[in-house]
Amino acid sequence: MATQTAIPKGTRDFLPHESIRRNFIFDTIRSVFRLYGYQPIETPAIENLSTLLGKYGEEGDRLIFRILNSGNFLSNIKDKDYTNRNSNALAAQICEKGLRYDLTVPFARFVVQHRNEITFPFKRYQIQPVWRADRPQKGRYREFFQCDVDVIGSDSLLNETELIQIINDVFTRLNIRIQVLLNNRKILTGIAQALGVPDKLIPFTVAIDKIEKIGKQGVIAELKSIGLTDEGLARLVPLLEFQSTNQSTLAAIEQVTGSNEIGKQGISELRTILENLHSLTISSPVVVSPSLARGLSYYTGAIIEAKALDVPMGSICGGGRYDDLTGIFGLPGVSGVGVSFGAERIYDILNELDGFPANLTETTQVMFINFGEPESRHCLALLDKLHKAGISAELYPVIAKIKKQFAYANTRKIPFVAMIGAEEMQKGLVTIKNMQHGDQKTLNQTDLLKHFT
RNA sequence: GUGGGUAUAGCUCAGUUGGUUAGAGCAUCAGAUUGUGGUUCUGAGGGUCGUGGGUUCGAAUCCCAUUAUCCACCCCA
């Protein structure tokens, strides 16, 4: 197509009706965050690469957008790196900033930097865009908003419990049926150790995480390729099979990990969280899933994920506990836990389910027809009164055909049109037309406010 | 990084085994006795058929390349 204008792939413009719908999602999420006592913060879109790199695994580093240095950045480059076309070596020398990849790592940086200005346990929320140089796909964008809630500086499993409550509340308010999946990195570590592949933790978790996609046989094949023995496989297989209750899932995990210390810890943590949840009314099913892994490498404890039940889509909310993320920035011994809501996917799901409230509109209540200069000037005083009373009102800015002005009001879905022509002006009257029903009535201008209040 | 699909008007798409001035719906603009929109009628503007090459008397149509985009994999919200 011969379009002259375009935006970078994986990014999107939002028309007013879309923006209104997105704000509905943000407002809903924000209101739940506030309900649980979390406070807002903001961090810059760009961070130093030293802050970002190495936190998301190799794949994650590859997907960080880098920002070219300013100035004549090639002047100090070694000829060797330049002539060798060594992109990595070159990039390290000509880029020192990047766009943030998520909100959690910048948050860890924020906590370390402002440790003396915040009170621990620090509960914060943050709703901002993040960028990933990923190849776009369904439900995948290069620029997307994350809505993060984290509490840092507390080991208590009450925090995990609260986050599950928050997830449940958000999706209940949005009217999306979900399932909360729960696992623990310690369990995954324990299993890998018990099966004799402690050094293969990551490929191991990646493999079992694919159970839904490639099936049991696929996972088994992949596990064999990373060196799991037949004996180990035989012990693992029950974990890949569906269990009717969380108790039996945990028991099955116990069968595998046995006396492994880390594994036992993970199981005990999950049991505590599940017990805590018993005291609450959580309408979404909470399911222990030993195959849940999550890619981000900084998680160390509980991992949490929410999936929509009615629409096939990747996870729409995910997170977990990270014990030492601030340690990397020089503040060890501070444990954090948090989850992130994927606003774009929630938007896509609500769109597909036709789940947005019907009355989501932001429009003018009443528009004044512009009949000419004296008439429009006369309207200004009335407009002023309406604005001061908190009623959104506008005057059509140019003297145009009445037909055109009505058509404009109609397209904008403005519910009332006010007319003050020469005659009305003289008599102090105003004619109000209800655009939905088509009927109109004339009243005293002094009664105009009452009509809208 | 790997594999597949698609590319025709602002948008959604037709376009026959290659054939003459490339169409529709929606949208836009203008009109149907100048104070009335949403349903009607009439008309207008708008396309180098993604770009470059090739085959052919002739290409939107067939072939090659290229770019963009979508989908799937990897990975992830």
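Letters A, B, ... mirror the listed sequences (proteins, then strands); counts begin at 1.
- In this structure, A:A407 reaches the sugar-phosphate backbone alone: every heavy-atom distance under 4.0 Å involves primed, P, OP1 or OP2 atoms, never a base.
- Across B:U33 and B:A24, the matching P atoms stand 27 Å from one another, rounded to whole Å.
- Residues satisfying the side chain to side chain contact (heavy atoms under 4.5 Å, CB included) criterion with A:K403, sequence neighbours excluded, are absent altogether.
- At a threshold of 4.0 angstrom between heavy atoms, the contacts of A:G57 with the nucleic acid are absent.
- Note on A:K210: only backbone sugar-phosphate atoms sit closer than 4.0 angstrom, heavy atoms only; bases stay farther off.
- Residue A:V130 is classed as having no contact, given no heavy-atom separation below 4.0 Å to the nucleic acid.
- Each of B:C75, B:A72, B:A77 was ranked by its minimum atom distance to the side chain of A:K138; first place goes to B:A72.
- Ring-plane geometry between A:Y408 and A:Y396 is classed as perpendicular, the angle between the planes exceeding 60 degrees on a 0 to 90 degree scale with a lower cut at 30.
- A gap of 24 Å separates the P atoms of B:U16 and B:U55, to the nearest Å.
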Seminar exercise, completed: The contact string for nucleotides 39-46 of chain B, one letter per nucleotide 5' to 3', using protein heavy atoms under 4.0 Å with B, S and - for base, sugar-phosphate only and none, comes out as --------
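- When the side-chain nitrogen and oxygen atoms of A:K9 are compared with OP1 and OP2 of B:U69, one or more of them lie within a distance under 4.0 Å.
- If you take atom C1' in B:G50 and the same atom in B:U42, they sit 36 Å apart, rounded to whole Å.
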Extract from the structure each pairing of a protein N or O with an N or O of nucleotides 1-4 of chain B at less than 3.5 Å, listing the distance.
{"residue": "B:U2", "atom": "O4", "partner": "A:R135", "partner atom": "NH1", "Å": "3.0"}

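- Of the side-chain N and O atoms in A:Q405, none sit less than 4.0 angstrom from OP1 or OP2 of B:G37.
- Residue A:E424 places its side chain closer to B:G35 than to any other of B:G35, B:U36, B:A77.
- Here the separation of B:C64 from B:C11, taken at their C1' atoms, is 32 Å to the nearest Å.
- Contacts classified as salt bridge (charged side-chain N to carboxylate O under 4.0 Å, His left out) and involving residues 424-444 of chain A (residues at least two apart or in different chains) are given here: A:E423-A:K427.
- Protein atom CG of A:D61 is 13 Å distant from nucleotide atom P of B:C76, rounded to whole Å.
- Heavy atoms of A:Q440 sit under 4.0 angstrom from at least one base atom.
- With distances taken from any side-chain atom of A:N410 to the nucleotides B:A77, B:G31, B:G38, the minimum falls on B:G38.
- Stem analysis of RNA chain B (at least three stacked-register Watson-Crick or G-U pairs, each with both distances under 3.5 Å) gives B:1-7 with B:67-73, B:10-13 with B:23-26, B:28-32 with B:40-44, B:50-54 with B:62-66.
- The side chain to side chain donor-acceptor pair (under 3.5 Å) analysis of residues 443-452 of chain A, with sequence neighbours excluded, yields the pairs A:H378-A:Q445, A:D447-A:K450.
- Across all strands shown, A:F145 has no heavy atoms under 4.0 Å from either base or sugar-phosphate atoms.
- With ring centers used as reference points, A:F356 lies under 6.0 Å from A:Y347.
- In this structure, the CG atom of A:L15 is 13 Å from the P atom of B:C11, given to the nearest Å.
- No contact: A:G60 has no heavy atom under 4.0 Å from any strand.
- Among the heavy atoms of the strands lying under 4.0 Å from A:Q146 are primed sugar atoms or P, OP1, OP2 only; no base atom is included.
- Both A:I402 and A:G139 lie close to RNA chain B; mapped to their nearest nucleotides by heavy-atom distance, the more 5′-ward contact belongs to A:I402.
- By the 5.5 Å and 30° criteria, A:F371 is not stacked with the base of B:G35.
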